[in-house]
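Note: hydrogens, waters and symmetry copies are ignored here, and every other heavy atom, side chains too, is used.
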Amino acid sequence: MKLIRPDELPLAIEALEAGELVVVPTRRWYMICANARDHDACARIYAGKGRPRSKSLAYILPSLGAADERFIMTPAAIQLASDFWPGDLAMILRWRDSEYAPSSTDRRRA
């Protein structure tokens with residue numbers, strides 16, 4: 001494992017694209033991150049944390065626009081995101097298109 005400084009962010013992106021996991025410190029906790037499209041990498045998060053599959057992983061997005069592309073953003077969700085993103089706010093949202101939803105039992109958070 002290598003500590004990646006903020007000025008080395010491209011290394012973290014390369015690691016995610018290569019199917020590796022990346023640990024990111026936040027103000028409240030450490031997040032174990034994977035490319036959400038890489039089901040094997042996501043499975044390693046579940047296995048490594050001993051997390052039951054019934055407990056969804058967070059889906060981190062770069063912007064409100066990106067959230068709106070993937071999820072149904074109600075007026076209340078838009079207001080919350082506008083007021084508190086970027087930040088620690090997590091919301092449980094419905095997928096806009098079932099093509100992106102992993103399965104009906106696997107919810108994602110934005």
Side-chain angles (χ1 to χ4, degrees):
M1 177 170 62
K2 179 183 182 216
L3 178 64
I4 297 175
R5 297 185 320 264
D7 62 324
E8 298 177 315
L9 192 56
L11 291 175
I13 294 168
E14 288 175 19
L16 291 171
E17 290 174 346
E20 297 179 37
L21 302 180
V22 173
V23 177
V24 177
T26 72
R27 290 183 301 178
R28 296 176 59 194
W29 55 71
Y30 284 84
M31 296 187 309
I32 302 173
C33 301
N35 181 340
R37 294 183 182 140
D38 186 333
H39 297 288
D40 292 334
C42 291
R44 289 196 313 275
I45 292 175
Y46 280 106
K49 293 179 78 174
R51 185 183 186 110
R53 290 283 185 155
S54 61
K55 189 172 180 185
S56 64
L57 298 176
Y59 194 103
I60 308 299
L61 297 159
S63 67
L64 177 55
D68 191 47
E69 288 176 14
R70 293 277 194 264
F71 298 96
I72 296 171
M73 298 294 292
T74 64
I78 292 168
Q79 185 64 53
L80 284 168
S82 297
D83 289 348
F84 297 106
W85 285 354
D88 295 334
L89 173 70
M91 292 186 276
I92 297 175
L93 303 168
R94 292 185 183 185
W95 288 95
R96 182 171 293 286
D97 185 338
S98 61
E99 167 190 350
Y100 297 113
S103 77
S104 61
T105 60
D106 187 17
R107 297 174 312 183
R108 299 287 180 178
R109 293 175 216 214

Exercise for the section: Decide side-chain contact (heavy atoms from CB on, under 4.5 Å) for Leu57 and Cys42; before the verdict, give the C-alpha distance in whole Å, the side-chain angles of both, and the deciding distance to 0.1 Å. Expected result: CA-CA 8 Å; Leu57 298 176; Cys42 291; 4.1 Å; yes
Exercise for the section: Please lay out, stage by stage, how Met31 and Val23 fare under the test side-chain contact (heavy atoms from CB on, under 4.5 Å). Expected result: CA-CA 6 Å; Met31 296 187 309; Val23 177; over 6 Å; no
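Interatomic distance, Asp40 CG to Asn35 CG, rounded to the nearest 0.5 Å: 11.5 Å. Taken to the nearest 0.5 Å, the CZ atom of Phe71 stands 13.0 Å off from the CZ atom of Arg94. The distance from atom CG of Leu21 to atom CG of Leu16, rounded to the nearest 0.5 Å, is 8.0 Å. In this structure, Leu64 CG and Ser82 OG are separated by 5.0 Å, a value rounded to the nearest 0.5 Å. Taking CG of Asp83 as the start and CG of Leu89 as the end, the distance is 9.5 Å to the nearest 0.5 Å. Considering CH2 of Trp85 and CE of Met91, their distance stands at 3.5 Å, rounded to 0.5 Å.
In terms of heavy-atom proximity, Pro25 sits nearest to Tyr30 at CB-CE2, 3.4 Å. Closest non-hydrogen pair, Gly19 versus Asp38, comes out as CA-OD2, 3.3 Å. Across all non-hydrogen atoms, the minimal contact from Leu93 to Ala77 is CD2-CB, 4.0 Å. Contact record, Leu61 with Ala67: CD1-CA, 3.5 Å, taken as the closest heavy-atom pair. Across all non-hydrogen atoms, the minimal contact from Val22 to Ala15 is CG2-CB, 3.9 Å. Here the closest heavy-atom approach between residue Ala43 and residue Arg53 is recorded as CB-NH2, 3.2 Å.
Under a hydrophobic-cluster definition in which Ile, Leu, Val, Met, Phe, Trp and Tyr are linked whenever side-chain heavy atoms come within less than 4.5 Å, directly or via other members, Ile78 and Leu80 are assigned to the same cluster. Trp29 and Ile60 fall within a single hydrophobic cluster, where Ile, Leu, Val, Met, Phe, Trp and Tyr are joined by side-chain heavy atoms under 4.5 Å apart, directly or via other members. Linking Ile, Leu, Val, Met, Phe, Trp and Tyr residues whenever their side-chain heavy atoms come within less than 4.5 Å leaves Ile45 and Ile13 in two separate clusters.
At a threshold of 4.0 Å, the pair Arg70-Asp97 does not count as salt-bridged, since none of the basic side-chain nitrogens sits closer than that to a carboxylate oxygen.
At least one donor-acceptor pair under 3.5 Å links the side chain of Arg96 to the backbone N or O of Asp68. A donor-acceptor pair under 3.5 Å is absent between the side-chain atoms of Arg44 and the main chain of Gly48, judged by distance alone.
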